[in-house]
Every structure is written in C-alpha cells, then in structure tokens.
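One structure is given here, and the rest of the page talks about it.
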Amino acid sequence: MDYTTKLSRQINDLPRSGIRDFFELVIGRTDVISLGVGEPDKPTPWPIREAAIRSLEKGQTTYTSNLGLESLRIAISEYVENLFRVKYDPKTEILVTVGVSEALDIAYRAVLNPGDEVIYHEPCYVSYSPSIKMAYGVPVVVETREENQFALMAADVEKAITPKTKVIALNFPTNPTGGIMPPEELEKIAQLCVKHDLICFTDEIYCELLYDNRQHKSIVEYPGMKERTVLLHGFSKAFAMTGWRLGYACAPAPLREAMMKIHQYCMLCAPIMSQMAGLEALKLGAAAFEDMRQSYEQRRNFVVAKLNEMGLHCFNPGGAFYVFPDIRSTGLTSKEFALGLLERKSVAVVPGNAFGVAGEGFVRCCYATAPELLEKAMALMAEYVTEIRNEKAKAI
Ligand code: PMP
C-alpha cells in the first residue's frame, strides 16, 4: 500500500523531533553520560509519590471531572495567584491537562483557523512549530540571539506582526537556552499584544527554576493581559514529575471552555492518581523543590565555568536547567559536534538546530544530571574539544 497517499498531508509533512532522532542513537548504550533529555535526575519527592500510593490504596481509580478534580483546581488557583499575583476562578478559568504538552495542543486548536499566524521565538522547545501546524496555523519565527541573552526583543516581534497574527507564544525561562526576559522588554511585548488585540500563550513550565535570587514576572501580570492570556503550567520540571503527565491551563472562561471541549473528547481527563499527586505537590509548594533548585544553581555555575574554560563560549542562563554553549569556534556544525562527542567520548548533548535554525552553532546540555556525572562529562568534553582543535591545527 502507498501509505503516503493514505496519511494526512499535515502529518506527513511534519518533521520528527530532532531530540528523539538523536536519542535513538543512545538507546541501549549503558556507557553514555546523557546531558540530553530535559528532565530532573531525581525521582519525584517521596511525599508526592506517597500521596499517589495512598490514593491507589483507597481504590481511587476512576475518571474525574473533565476539568480535573475541583480540589486540585482550587489548589492551582492559589498556587498561581501566589506565583503571578493573578487570580483565576477554579470553576470557570482552570483546566487540568495531560502535561503542558496537551495544554499547548488544545490551546492552539481552540483558537486557530486555517491560515492564522502565530509568532513564537526560536531556539525553542521542539513541539512549538508542529503544534501550530497541527492546528492548521502558520508558524512565524522570531529569533532570539545570544547578544541579547536569548531574550525576545519587542522590536523584532513588532516587525513580525501582520493582520493575520492571532497569537504570540512565549516560553521564559526558555528551553533550550535558559534565557529569561528583562521586565522592560516583556512590558513592551504586553503593550504590543494589547495594541494589536492579540492572544498570548505563556508557557511557564520553568518559572520556579530561577537563579541568582531572581523573581519571576509573567506577561499575564501586565495591564490588559489577563483577558488575552492562556497561561500554561505543570508539574514536570520543578516537582520532578515528568512521568505523571500532569499540567494545567488558566485562561478567560470562553477560552477555557473551548479548550475543555477538545480535552473532553480527546483526553477525557488527566489520570486521577497523578491529580492526587499534584494536589500534594501544590500543598508542599517550594518546600518540594527548593533543594533541587539550589542544587541546579550550583550545577549551572559549575558547567558554565567549565565550558568557558574549555573555550566554548557559554552564556550564563538565568533559569531552567539547560546551558546552550556556542560551539562555532570548533569549526563543526552542531550535529557534527554532537555526533563526534557521542562517538569518541560517549557523552550525549543535543544539536542546537533541533530547536530551530537559530540554534545552529550551539548545543544543548541539560545539567539536571548527577554532579559526579556532570564532572566526568565536562572533563570528557574538554578532551574532545582539545582533540578537535589539535586535528584542525595539524590539517592547516
Ligand atoms: N514546554 C516546554 C518549554 C518544555 O520544555 C516541555 C518539556 N520538555 C514541555 C512544555 C512539555 O511539558 P510536559 O511534561 O508538562 O508535557
């Protein structure tokens, strides 16, 4: 059978995730130190796991409301208000989802008509452009640059706005750069959203993981923004809960309602045991992740220093748990660099172009990895960079 004619054109044309493609090479190799996958090295804190076990012991194995447990939505409302100083009604403005991944997907499907344009920034998380295309939208890329610490410049956003623009999608701190937004630039982007009557999606999945005593500010906090913002957040990163598949969207009631319609038909609800775990996570709040955050900050300091020492210029990111060193001085492409590092030294990093064209010349290293492994990985990477430089010098 000729499957190309049987498959949806929309899906046929989608590229596979560059991260997953790269990690097919790593699967089954026990000798590899992986700085590749973006998840915490520690399991979910024990009291959170225990809450899920308790719920299973009680036989809580049913569906929940499509919206998610009311107790969880109340806890989300309080947690979000505490983080962002914005209040959401648990009954009408919050939807519990299967991770931020689902929340993003249904948010696009809820608002886009074919041909609507979405402005987003690259380098970015691999699902951004595909999520827009799967909802028949048109992705419009604005690059973030190292010279601006990978912040999004309002002037660049303004140039990308057309009469077809419907959504601006933000993710700060950013995967893969760790970049954060200076408040004055964020405020200007908020003003653009209001001026051009745009919707804003803000993916806050790394907002708890900030360093150097920074305080997070979300675009939703600026005047005129709550009514036009879909705030996406979840448990995967700060609470080390990637496998639980739990997230949420906070949005004005009509937007939440549209998202809920899609969610109820395609997902029904998030798993009840994950929701019970999430409730416990929010009860604990920062107490659940502050130790991890501090440890990531130390690891960030170590990794940034080591990369710069070996001559790979590395910007010091303000948040998340990634560094994005510039590897252009080696004369290799991102992919050549990453493949060579894997083959010669058994260390896995992700080529920067997996996160968009703007990521070429960089690689992403996730430092939510055990400190002793990070030390080994940095030593091996330094050896690799020296070897490459020596080989280049000999060839000249
Ligand atoms: N957004 C960003 C920016 C991410 O980095 C990730 C995961 N790597 C997600 C969303 C997906 O998160 P979740 O596990 O909540 O689906």
Side-chain angles (χ1 to χ4, degrees), residues 17-20 22-23 34-41 43-44 48 68 72 76 79-80 95-108 118 120-132 134 139 144 150 152 167-181 200-210 216 218-219 230-250 259 263 266-267 270-271 274-275 277-278 281-282 289 296 317-324 349-350 352 354-356 359 364-369:
S17 155
I19 303 190
R20 294 291 148 200
F22 195 73
F23 277 88
S34 179
L35 311 183
V37 181
E39 63 184 340
D41 60 317
T44 307
I48 300 175
L72 178 58
I76 290 169
Y79 185 75
V80 164
L95 177 67
V96 176
T97 59
V98 179
V100 171
S101 303
E102 190 220 346
L104 261 174
D105 177 42
I106 62 176
Y108 282 124
V118 178
Y120 71 106
H121 50 97
E122 273 187 2
C124 71
Y125 178 46
V126 289
S127 84
Y128 273 37
S129 172
S131 301
I132 298 164
M134 284 192 290
T144 58
F150 291 108
L152 181 62
V167 179
I168 294 186
L170 303 182
N171 167 229
F172 291 97
T174 306
N175 173 9
T177 63
I180 52 171
M181 279 300 277
C200 181
F201 290 177
T202 183
D203 176 348
E204 302 283 353
I205 193 157
Y206 295 102
C207 77
E208 292 95 342
L209 302 179
L210 279 186
H216 184 68
S218 166
I219 195 160
V230 179
L231 187 149
L232 310 158
H233 200 4
F235 298 80
S236 285
K237 310 295 171 164
F239 293 102
M241 291 178 69
T242 49
W244 300 82
R245 311 310 306 124
L246 191 67
Y248 49 91
C250 302
M259 289 172 70
H263 173 79
C266 75
M267 213 56 81
S274 299
Q275 294 193 51
L282 295 184
F289 58 73
Y296 298 147
F321 41 48
Y322 309 104
V323 284
F324 207 55
V349 298
V350 185
F355 308 98
R364 188 191 77 174
C365 312
C366 172
Y367 55 81
T369 304

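When a residue number appears, it is its place in the shown sequence, counting from 1. Basis for what follows: all heavy atoms, side chains included, without hydrogens, waters or symmetry-related copies. When a ligand or atom number is given, it counts from 1 through the structure's own listing order.
Here the two rings, on H121 and F150, have centers that are 6.0 Å apart or farther.
At distances below 3.5 Å, at least one donor-acceptor pair connects side-chain atoms of R364 with backbone N or O atoms of G36. One N or O on the side chain of Q275 and one on the backbone of A270 form a donor-acceptor pair closer than 3.5 Å.
Protein residues with a heavy atom under 4.0 Å from ligand 1 are G99, V100, S101, Y125, N171, N175, D203, I205, Y206, S236, K237, R245.
Classified by interplanar angle (parallel below 30°, tilted 30° to 60°, perpendicular above 60°), the ring pair Y120/Y128 is tilted. Note: F324 and F355 have perpendicular aromatic rings, judged against thresholds of 30 and 60 degrees for the angle between ring planes. Aromatic ring orientation, F321 versus Y206: perpendicular (interplanar angle above 60°, classes split at 30° and 60°).
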